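Worksheet: one structure, shown below.
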Amino acid sequence: MDAQREELELFRDTVARFVETEMVPQDPRWREQHHVDREIWRRAGELGILCADVPTEYGGMGGTFQHESIVHEELARCGISGFAAGVHSICAHYLLNHGLEEQKRRWLPRMASGELIGAIAMTEPGTGSDLQAIRTRAVRDGDYYVVDGSKLFITNGYLADLVALVVKTDPSERARGISILMVETRDLPGYRVGRVLDKMGMKAQDTAELFFENVRIPATNLLGATEGHGFKQLMSDLPYERMIVAATAVAVMEGAVSATTQYIQSRQVFGQALSQFQNSRFKLAEIATTTRIARVFIEDCIAKLVSGTLDGATAAMAKWWCTDMQQHVTDECVQLHGGYGYMNEYLVCRMFADARVQRIYGGTNEIMKELIARSMLDGAR
Ligand SMILES: Cc1cc2nc3c(=O)[nH]c(=O)nc-3n(C[C@H](O)[C@H](O)[C@H](O)COP(=O)(O)OP(=O)(O)OC[C@H]3O[C@@H](n4cnc5c(N)ncnc54)[C@H](O)[C@@H]3O)c2cc1C
């Protein structure tokens, strides 16, 4: 094993141990209360697991997306969907890629330590896929922006301390009217978190509605220095975001196949192990094959992202295909578990319910296919 692989495997062991010993036992309680505990973010920060691919000068681990994907994979493999490190990392990457030096130094070290929990707020009650139609308004008033509006379905919304808030600074424009404000939420007058939403799955994830009424945000919190760059900033980071979703999908498949392989060997039906029936064996072979293909594809995409050669269409392919396969594979795993597969205490049950939204957020899978077709037919990438 070369030194780099060895270092990655050691990091994987650290993350896996942390997830298994400090997160898995707490997951049932987190799912009950619909959010994780703030302390686990601090603990992840102490272990250097947050912002794994952020340079050390900003408090990160100084790794690459290979390290970052290991974090998301090890969480996913154990069905820990409430600790939304992906959204946290995406928020950090907006800062890293588009923030002013002063902004990076102000927020990134506190995100890496877990002191600040990050969120991204794009979606609104009136618009999701059509991001350019957002209505949350930011009006410049001296050294401040005054923000009015609301955001819906915001991951980490209940706990978030730092929100990358997508606003309209010029409502007469579509894409060119969009900017991103970094909002520190603690004790912020006019800012209110609505109820934590009751979802089909991802029960431990605090998905919430956010309200802004006459909220004054310092103008120095505008991401980058120029108004109207928000849409471009969002678009340039989408492959990163989609790779987190896709890598998660592949690790869920691996975790589900592993749990199912064990289950069918231990379950006795008609006097023999379930694994002795041809249908069980064929199904297992099929989902193992799908999972392997997904792994090979995702490794290629990760390598391309690390070398800076991952194009938007390929990232979109990874996002839609891996999440569709995640749904299919977890469904087959539930079926092989019989009634137990429908019980929340079984990993495959939680994985199946959690999988559904992967095809919806991060850009719906229909939007992914549109982007791929556009890159083929219209020459746009
Ligand atoms: C659990 C959860 C967590 C989320 N986390 C976040 C978050 O942290 N931050 C955030 O900003 N948002 C978040 N979202 C919102 C998510 O990104 C949106 O739900 C998603 O983008 C779809 O938007 P929509 O719900 O308005 O659906 P719509 O845009 O109304 O889409 C409805 C349907 O129409 C299809 N459709 C739309 N446009 C087209 C088109 N041009 N061609 C073909 N079909 C189309 C869609 O694919 C979909 O099937 C989250 C959502 C959920 C459920």
Side-chain angles (χ1 to χ4, degrees), residues 30-31 34-36 72 76 81-94 117-136 149-168 174 178-183 185 193-212 223 230-231 233-235 237-238 240-242 244-245 248-249 252 316 319-320 323-324 326-327 350-351 353-375 377-378 380:
W30 290 343
R31 285 179 181 260
H34 300 312
H35 61 85
V36 303
H72 305 300
S81 54
F83 183 73
V87 160
H88 185 78
S89 296
I90 295 161
C91 180
H93 268 253
Y94 287 144
I117 300 170
I120 312 154
M122 299 182 252
T123 306
E124 299 182 356
T127 189
S129 302
D130 184 10
L131 181 61
Q132 298 181 19
I134 59 158
R135 295 169 70 116
T136 296
S150 67
K151 295 289 177 179
L152 187 62
F153 303 149
I154 305 308
T155 302
N156 288 344
Y158 174 69
L159 289 172
D161 310 289
L162 184 67
V163 178
L165 178 68
V166 183
V167 293
K168 268 275 163 85
R174 274 178 57 88
I178 290 179
S179 303
I180 300 176
L181 291 176
M182 302 305 297
V183 178
T185 62
V193 179
R195 75 197 158 93
V196 175
L197 301 167
D198 181 16
K199 304 188 294 293
M200 175 194 293
M202 294 199 168
K203 298 283 189 187
Q205 194 175 97
D206 53 318
T207 313
E209 195 166 6
L210 307 181
F211 299 96
F212 299 82
L223 184 67
F231 194 72
Q233 291 166 343
L234 289 169
M235 292 303 112
D237 283 20
L238 284 177
Y240 181 87
E241 177 173 348
R242 288 172 185 156
I244 289 179
V245 176
T248 298
V252 167
K319 196 273 172 182
W320 89 256
T323 58
D324 265 24
Q326 175 188 3
Q327 188 82 74
R350 302 191 297 278
M351 282 178 157
D354 290 353
R356 187 62 187 86
V357 76
Q358 288 260 98
R359 295 165 59 205
I360 296 172
Y361 61 23
T364 66
N365 285 6
E366 292 71 33
I367 295 291
M368 295 306 102
K369 291 173 191 175
E370 177 56 33
L371 292 175
I372 296 160
R374 206 180 289 170
S375 78
L377 300 170
D378 311 334

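Just follow the structure's listing: the first ligand is 1, and inside any ligand the first atom is 1. Fair warning: this is a prediction, and the values are worked out from it, not measured in the lab. Residue numbers count from 1 along this sequence.
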Treating D354 as the side-chain partner and G201 as the backbone partner, does any N or O pair qualify as donor plus acceptor under 3.5 Å?
no
Interatomic spacing from CZ in R31 to CD in Q205 - rounded to 0.5 Å
10.0 Å
If you measure from each non-hydrogen atom of I120 to ligand 1, which part falls under 4.0 Å: side chain, backbone, both or neither?
backbone
Atom 49 (O) of ligand 1 [closest protein heavy-atom partner, distance rounded to 0.1 Å]:
E366 OE1, 3.4 Å
Which one of I134, I367, T207 has a non-hydrogen atom at the shortest distance from atom 38 (N) of ligand 1?
I367
Check T155, V87, I154 against I120 for a side chain to side chain contact (heavy atoms under 4.5 Å, CB included) and give me the one that passes.
V87
When you measure from atom 11 (O) of ligand 1 to the protein, is at least one non-hydrogen atom found at a distance under 4.0 Å?
yes
For ligand 1, which atoms sit closer than 4.0 Å to a heavy atom of S129?
22 (C), 23 (O), 28 (P), 29 (O), 31 (O), 37 (C), 38 (N)
Contact atoms of ligand 1, heavy-atom distance to V357 under 4.0 Å:
1 (C), 2 (C), 52 (C), 53 (C)
Protein heavy-atom contact under 4.0 Å for atom 32 (C) of ligand 1?
no
Between CD of Q358 and CE of M202, what distance do you get to the nearest 0.5 Å?
5.0 Å
Which bit of T123 gets closer than 4.0 Å to ligand 1, counting heavy atoms only: side chain, backbone, both or neither?
both
Among all protein heavy atoms, pick out the one at the shortest distance from atom 6 (C) of ligand 1; state its residue, atom name and that distance to 0.1 Å.
F153 O, 2.8 Å
Does Q327 reach the main-chain N or O of R359 with its side chain, forming a donor-acceptor pair under 3.5 Å?
no
Parallel, tilted or perpendicular: which describes the rings of Y240 and H93, with under 30° parallel and over 60° perpendicular?
parallel
Quick one: look up the protein heavy atom nearest atom 3 (C) of ligand 1 and list residue, atom name and how far away it is.
T155 OG1, 3.3 Å
Run down the list I360, N365, N156 and name the one with the heavy atom closest to atom 20 (C) of ligand 1.
I360
Could you check whether atom 36 (N) of ligand 1 has a protein contact, counting only heavy atoms that fall below 4.0 angstrom?
no
Hey, is K199 touching ligand 1 through its side chain, its backbone, both or neither, going by heavy atoms under 4.0 Å?
side chain
Is there a donor-acceptor pair under 3.5 Å between the side chain of Q233 and the backbone N or O of Y94?
no
Within the distance-only criterion (no hydrogens, no angle test), does the side chain of S150 pair as donor or acceptor with the backbone N or O of E209 below 3.5 angstrom?
no
Backbone N or O of G118 within a donor-acceptor pair of the H88 side chain at under 3.5 Å?
yes
If we ignore hydrogens and angles and just use 3.5 Å, is the side chain of K151 paired with the main-chain N or O of V166 as donor and acceptor?
yes
Considering only protein heavy atoms, which is closest to atom 24 (P) of ligand 1, and at what distance to one decimal place?
G128 CA, 3.9 Å
Considering the heavy atoms of M122, write down every atom of ligand 1 situated less than 4.0 Å from one of them.
10 (C), 11 (O)
Closest heavy-atom contact between A208 and G194?
CB-O, 4.4 Å
N/O to N/O below 3.5 Å, does that happen between L152 and ligand 1?
no
Heavy-atom protein neighbour under 4.0 angstrom from atom 42 (N) of ligand 1
no
Looking only at distances, can you tell me whether any N or O atom of V87, backbone or side chain, sits closer than 3.5 Å to an N or O atom of ligand 1?
no
Can an N or O of T127 be found at a distance shorter than 3.5 Å from an N or O of ligand 1?
no
Check each atom of ligand 1 against the heavy atoms of T364 and keep those under 4.0 Å away; list them by number with element.
22 (C), 46 (C), 47 (O)
Please confirm whether the backbone N or O of K199 pairs with a side-chain atom of K203, one donor and one acceptor, at under 3.5 Å?
yes
Between K319 and G362 (side chain of the first, backbone of the second, donor and acceptor by atom type, cut-off under 3.5 Å), is there such a pair?
no
Is Y361 close to ligand 1, meaning an N/O of one under 3.5 Å from an N/O of the other?
no
